[in-house]
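These notes concern the structure reproduced below.
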There are 2 protein chains.
Amino acid sequence: MPAATKAKPRPRPQRRAPRSRIPKPYHHGDLRRALIDAGFRLVEERGVERLSMREAARRAGVSPGAPFRHFESREALMTAVALEAQRRFRAEIEAALQESASGDPLARLRAFGVAYLRWAMRNPAHFEIISSGKLFDYDKSADLVRDNAEVVGMFEGTLMEAAAQGQLRPADLKQVQIAGRALVYGFARMNIDGHFPRWGVAAHDAEATAEAVVDVFINGIAKRPRKA
Amino acid sequence: MPAATKAKPRPRPQRRAPRSRIPKPYHHGDLRRALIDAGFRLVEERGVERLSMREAARRAGVSPGAPFRHFESREALMTAVALEAQRRFRAEIEAALQESASGDPLARLRAFGVAYLRWAMRNPAHFEIISSGKLFDYDKSADLVRDNAEVVGMFEGTLMEAAAQGQLRPADLKQVQIAGRALVYGFARMNIDGHFPRWGVAAHDAEATAEAVVDVFINGIAKRPRKA
DNA sequence: ACCTGAACACCGTTCAAGT
DNA sequence: ACCTGAACACCGTTCAAGT
């Protein structure tokens with residue numbers, strides 16, 4: 001009955017009956033970590049909705065019930081995977097902001113948007129898990145909330161600097177902020193949701209179009225447009 | 001064994017052994033339609049991912065296998081429900097465009113965006129099913145593709161009119177179009193994905209904020225802004 | 001022609017039992 | 001303390017059998 005799925009490669013024959021037969025403890029040390037890694041790859045390979053506890057368990061080489069010792073539900077594993085993705089996302093944004101730190105606020109805002117979309121274009125499934133809302137209870141993960149708040153804060157701060165330096169046309173800043181967020185978020189989701197073909201955006205054009213779209217927005221709020 | 005789930009209210013007693021005992025044929029006439037209706041409500045009540053064939057069958061009062069006589073898969077039922085939603089969505093957009101037909105192109109563009117978001121705010125689950133991409137194979141439904149192409153066409157046409165009448169600042173129209181699409185789509189998805197609380201948009205403010213965001217965009221592309 | 005009901009292969013989740 | 005393996009209630013889907 002125990003399905004011998006994997007035909008484990010027998011360890012090299014040893015000279016005598018081994019006292020401790022290659023520890024192979026209960027498993028390879030850190031099941032929690034192994035499950036997050038398996039989940040992360042599962043999301044990457046098959047998409048968010050195909051992350052399953054049983055498959056993650058299979059990949060980690062444990063029985064179906066084992067993950068529940070470390071994650072109380074599929075949602076909890078999802079949250080852990082999302083946190084992992086969010087960390088990488090945020091690291092990329094921060095790197096981009098640092099590179100453009102010498103520029104004026106509007107240039108930094110542009111760099112922000114471009115970095116955001118670049119990551120989203122290259123990691124669609126991970127972007128999806130971060131932002132999808134139904135996959136786990138966002139507010140239950142303090143780390144996730146804080147991490148996100150910081151990204152939002154960076155955006156808000158840069159926008160306010162641009163306003164303070166007189167780079168923007170008169171407008172309600174809060175509304176501009178939400179519009180900007182909606183723009184990049186919408187672009188990222190159009191990619192995830194497969195809308196680009198219908199809108200004449202080829203796959204290899206996605207990143208270039210992303211930049212163009214960010215420019216449309218920046219030019220829309222700037223007092224003096226840069227490119228025509 | 002046959003779970004008597006519903007305790008069918010016995011029909012009023014008849015005088016003699018009825019020749020045709022209240023037809024109650026195989027079921028109530030049109031299972032296909034009943035399943036689409038059940039699916040539509042299921043999406044409304046519980047969200048897209050909770051639409052199940054078995055539950056739709058239960059609501060229609062048939063056995064688990066019955067739906068497969070009319071829809072070859074869950075995806076096919078999804079597609080039918082999406083088509084229903086798309087029809088309503090398109091009707092609302094068209095009505096809005098008709099009401100604003102006397103205005104200039106930019107005013108019509110605004111009406112378009114506002115109608116789009118209004119519907120999306122009020123019918124989030126149905127908006128989601130139309131646009132989500134992974135729920136069914138969009139391109140397999142010619143109706144869906146055509147219906148969507150027409151909405152896209154209305155947007156494009158209005159934008160070009162605005163350009164032709166000199167209402168727009170110089171810009172690449174295709175990019176403006178994609179940016180506009182991304183903006184409304186992103187706003188609609190932020191609502192679906194539960195981002196508004198994190199962005200300080202209260203539920204009762206969603207529609208007003210939607211208008212404001214559309215205005216930010218229109219003002220961004222217009223030669224002469226209307227409101228500050 | 002249309003539907004039933006049992007069946008199969010999957011899931012998430014629980015829990016006694018093993019090490 | 002951590003994991004196994006059987007169990008339960010769900011799914012989507014198929015298919016013989018009934019009407």
Side-chain angles (χ1 to χ4, degrees), chain A residues 1-6 8 18-36 38-39 42-43 46-81 134-137, chain B residues 1-6 8 18-36 38-39 42-43 46-81 134-137:
Chain A
M1 280 296 166
T5 338
K6 280 208 164 176
K8 31 191 127 165
R19 172 82 51 95
S20 66
R21 331 134 66 173
I22 302 165
K24 166 92 168 165
Y26 239 116
H27 74 287
H28 31 72
D30 188 352
L31 181 52
R32 187 187 151 81
R33 187 69 237 169
L35 289 167
I36 295 177
L42 229 28
V43 165
R46 308 193 184 174
V48 184
E49 60 289 318
R50 311 265 296 264
L51 185 163
S52 90
M53 291 301 256
R54 293 181 98 109
E55 178 66 22
R58 245 171 260 130
R59 293 205 176 186
V62 294
S63 75
F68 290 87
R69 195 59 43 178
H70 301 273
F71 300 99
E72 64 176 352
S73 62
R74 183 182 118 115
E75 216 179 272
L77 176 54
M78 275 284 191
T79 305
V81 173
K134 309 200 177 173
L135 302 169
F136 56 89
D137 190 342
Chain B
M1 280 296 167
T5 337
K6 280 208 166 178
K8 32 189 126 164
R19 173 80 53 94
S20 66
R21 335 137 57 177
I22 301 162
K24 167 91 169 167
Y26 240 117
H27 73 286
H28 31 73
D30 187 351
L31 181 53
R32 187 187 150 81
R33 187 68 238 169
L35 290 167
I36 294 177
L42 230 27
V43 165
R46 307 194 184 175
V48 184
E49 59 289 318
R50 312 265 295 264
L51 185 163
S52 89
M53 292 299 257
R54 294 181 98 110
E55 179 65 22
R58 244 171 261 131
R59 293 205 177 186
V62 295
S63 75
F68 289 87
R69 194 63 37 181
H70 300 273
F71 300 99
E72 63 175 355
S73 63
R74 184 183 119 116
E75 215 179 271
L77 176 55
M78 275 286 191
T79 306
V81 174
K134 309 199 176 172
L135 302 169
F136 55 88
D137 190 343

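Residue numbering restarts at 1 for every chain, and letters A, B, ... go by the order of the sequence lines.
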Write down the atom of A:Met78, the atom of A:Val48, and the distance for their closest heavy-atom approach.
CE-O, 3.3 Å
Straight-line distance of [X] [atom1] to [Y] [atom2], nearest 0.5 Å:
{"X": "B:Ser63", "Y": "B:Arg58", "atom1": "OG", "atom2": "CZ", "result": "11.5 Å"}
{"X": "A:Phe68", "Y": "A:Met53", "atom1": "CZ", "atom2": "CE", "result": "4.0 Å"}
{"X": "B:Ile36", "Y": "B:Leu42", "atom1": "CD1", "atom2": "CG", "result": "13.5 Å"}
{"X": "B:Leu77", "Y": "B:Leu135", "atom1": "CG", "atom2": "CG", "result": "11.5 Å"}
{"X": "A:Glu49", "Y": "A:Lys134", "atom1": "CD", "atom2": "NZ", "result": "13.0 Å"}

Nearest-Å distance, [atom1] ([X]) to [atom2] ([N])?
{"X": "A:Phe71", "N": "C:dT14", "atom1": "CZ", "atom2": "P", "value": "15 Å"}
{"X": "A:Arg69", "N": "C:dG18", "atom1": "CZ", "atom2": "P", "value": "16 Å"}
{"X": "A:Asp30", "N": "D:dA1", "atom1": "CG", "atom2": "C1'", "value": "14 Å"}

When you compare the protein's N or O atoms with those of nucleotides 10-13 of chain C, which come within less than 3.5 Å of each other, and at what distance?
residue: C:dC11; atom: OP2; partner: A:Arg58; partner atom: NH2; Å: 2.8
residue: C:dG12; atom: OP1; partner: A:Met53; partner atom: N; Å: 3.0
residue: C:dG12; atom: OP2; partner: A:Met53; partner atom: N; Å: 3.1
residue: C:dG12; atom: OP2; partner: A:Arg54; partner atom: N; Å: 3.1
residue: C:dG12; atom: N7; partner: A:Arg54; partner atom: NH1; Å: 2.7
residue: C:dG12; atom: O6; partner: A:Arg54; partner atom: NH1; Å: 2.9
residue: C:dT13; atom: OP2; partner: A:Arg74; partner atom: N; Å: 2.7
residue: C:dT13; atom: O4; partner: A:Arg54; partner atom: NH1; Å: 3.3

How about A:Arg33: does its CZ atom have over 12 heavy atoms from other parts shown lying under 6.0 Å from it?
yes
For B:Arg74 and B:Leu51, indicate whether the former's side chain and the latter's backbone hold a donor-acceptor pair under 3.5 Å.
yes
Counting Watson-Crick and G-U wobble pairs whose two distances are both under 3.5 Å, find the runs of 3 or more in a row that involve DNA chain C.
C:4-8 with D:12-16, C:12-16 with D:4-8
